[in-house]
Every structure is written in structure tokens, then in C-alpha cells.
Amino acid sequence: MSRYFSQKYAALTPYTPGEQPTDMKYVKLNTNESPFPPSEKAIAAADAEARRLQLYSDPTSGALHKKLAETLGLEPDEVLVTNGSDEILNFAFMAFCDEKTPAAFADITYGFYPVFAELNNIPYTEIPLREDFTLAPEDYFGLGKTIFIANPNAPTGLALSRADIERILRANPDHVVVIDEAYVDFGGESCIPLIRQYDNLLVTQTFSKSRSMAGARVGFGAGCRELIRDLNTIKYSTNPYNVNRMSQAAAIGVLSDEDYTRANCQTVIENRAYTTAELEKRGFSVLDSRANFIFATHPAIAGKKLYEDLKARGVLIRHFEKPRLSPYNRITIGSKEQMDILLQKIDEIMEENV
Ligand SMILES: *Cc1c(COP(=O)(O)O)cnc(C)c1O
């Protein structure tokens, strides 16, 4: 820390992204990226747009808003596209929380929520999940706080039904409820159809996972016009050109290739069922995931040891040190070939350890 760093941030612990190593070629199952390349339509559109990079991007992301709204059955002013969904989540913390309106989220969920709260000086409460990692909707009734729920949750993969989210929305009519649907395309139930019914609902999604565009940094929020207007006030006060030209073009491209996205999600869902069954055969417990990753533990090998042994064999998965999480690992679902390498390396490791 330099002697110039503001006191405001002196105690801030930043978010730790999953490793992106460059030292060797890993089978990378640690950051929930897609194993599939971007849509050819996205690639062609971004490529053409590269020739116009001397010009600022459209600050309204107008064409993308139109295409996205069409895809979702909404109006363009009911959505806001951002630089990854991390940006809209940060905007939501800035716009809808303060000293008097703290934030609330689960004790086990996306690790960025407490960082956003601390960055923006927002008090927050972490609400413990049940012993089996499920979220009890009742724990969120009448909280008097702005609520953030990842659905499906990370790193567990467990999902709440839309009906359960509705109970939480109804029980908090005077507070915003943010539903982070980063993984919804892999078997979750989206709450976007509810945004016209609940003016306190903001749904966020991302192009990073199901649409194979993590490197493009495109995410969005969907909510009633007033919420979106507030978020735009924050956007135009921080970074008006928040989505670059190539990413806007690529996002429009992938939205005109919905069959490709759907087919890829279906493959991930099939590979998830395959990997879950194979791990269970080997004595693992695997939570019932609706995401493009699974959360698994084995009674005979510590989570950290499995992570380290797999890394030494060229397979990267994600381990979390938090006490309740440390027996587990989060494993991204990749291609069938990648899953078979994972299983083969696990067999080698288990053989050595028994
Ligand atoms: C990956 C992820 C995000 C954000 O991803 P972006 O790449 O910033 O769009 C948000 N929430 C959860 C739960 C995630 O796992």
C-alpha cells in the first residue's frame, strides 16, 4: 500500500478470481468458462467491428438493447447491458444500498457480494444457508435490507424455484431483491418473466457462461423502467462507454444464434449428469447442480489435497478455504473429453491414496 492510498479502502480485501495460469496447458475446470468457442456469428461481428475501434462505442448500447429486449420479450428500457454482470451487480449495490439500507446475502454465495459491499461502504448481513446448503426463503422475509441471491447459487449449484423467489419478493415489497442468474441457462428457472409484476425485482444475467463470451465482458440487468433508470444514473456517472464496440457487436451476433447457445447448454447438462454419476460411482457426494459446475466431496480425500493433486496432473479445479466449503471442490463442466481426463486423473489419485 502506498502512503497515498485512501483510508476508505485500506481494509478492503479484493475479490480473488480463479487462476488463469500461463505456465502450462491445463484442462481448465476452475472458472466456469464454456468449453465451446463463441458463436461464429459473434466472431464475425466482432471482427468487422475491430475496423471501427478508433470511434467510441455507442454509450446507449442501443442496437444490443433492442436485440436483447426482443430476445427476452421485453422493451429496451427494461434492460441495461454492462461490462460483465459484475458491473451491474456493483451498480446495484451503489444504487440500492447505503448505511440505512444494508445488503443481505447468503454466507455461502458469490464471493464478490461482500467485496462490493465493502467497496461502497455498505453494511451487510450474511444469512447462513441450511446444513445441506439449501436456502430457506423464510430467512429472507421482511428483512428491511436489499437482498442479493445467486440463483442457481455458486459454488453449490443449488437452485430455488421461481415460486420461492416470488415469496421473497412479496415479503420485501419496500426493498430491492436482486436475483443473479449467471447460471440460469443450465437448468434454472428465470425470474425475468416477473419483472413487470414486481417493481422491486432486478434480475442479472451474463454472456460469460452459457454464451461462451467470458472474455468479451457482457452482462445485463432486467427490471422495471424506474430501476433501470436508477442504474443508468450510476452508469453515466462512472463509465458511459462501459461496453466496447467489439463486445456489443459480438453480443448481437450470439443473440442471433440462439440454437447454438441452446445446443451447448444441452451438452453441458448431459456432461454434468455423466460426470455426477461417474463421481458418485467413485464414492463422491455431489450436490444437485443446475449450473455448469458441480460441487463435490469425497470422504477419503481432503478437498485441498484433491485440488493440489489434480493441478500437479494438469487439471485445474476450484478449491475454497472457507471452513464449510473446504471438504469440497467446485468443478466446471467441460467437454466430454475434458471430463474423461478429470475422471482418469481422479482414479490415479485415489489409487495412490488408498
Ligand atoms: C460468473 C458470475 C458472475 C459474473 O460474471 P461476469 O463475467 O462478470 O458476467 C456473477 N455472478 C455469479 C454468481 C457468477 O458466477
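Atom set for the values below is all heavy atoms of this structure, side chains included, hydrogens, waters and symmetry mates excluded. Counting convention: from 1, in listed order, for ligands and their atoms alike.
The side-chain heavy atoms of Q338 and K28, taken from C-beta on, include no pair separated by under 4.5 Å.
Classification of R170 and E166 as a salt-bridged pair holds, one side-chain N sitting under 4.0 Å from a carboxylate O.
The stretch residues 152-161 participates, sequence neighbours left out, in these side chain to side chain donor-acceptor pair (under 3.5 Å) pairs: T109-N153.
Nearest heavy atoms, K209 versus S34: O-CB, 3.5 Å.
Checked against side-chain contact (heavy atoms from CB on, under 4.5 Å), P173 has no partners two or more places apart in sequence or in another chain.
Around ligand 1 you find G84, S85, D86, L89, Y110, D180, A182, Y183, T206, S208, K209, R217, each with a heavy-atom distance below 4.0 Å.
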Donor-acceptor pairs under 3.5 angstrom involving side-chain atoms of residues 292-299: please list them, not counting sequence neighbours.
| residue | atom | partner | partner atom | Å |
| --- | --- | --- | --- | --- |
| N292 | ND2 | N32 | O | 3.0 |
| T297 | OG1 | P327 | O | 2.9 |
| H298 | ND1 | A300 | N | 2.9 |
| H298 | NE2 | R282 | O | 2.9 |

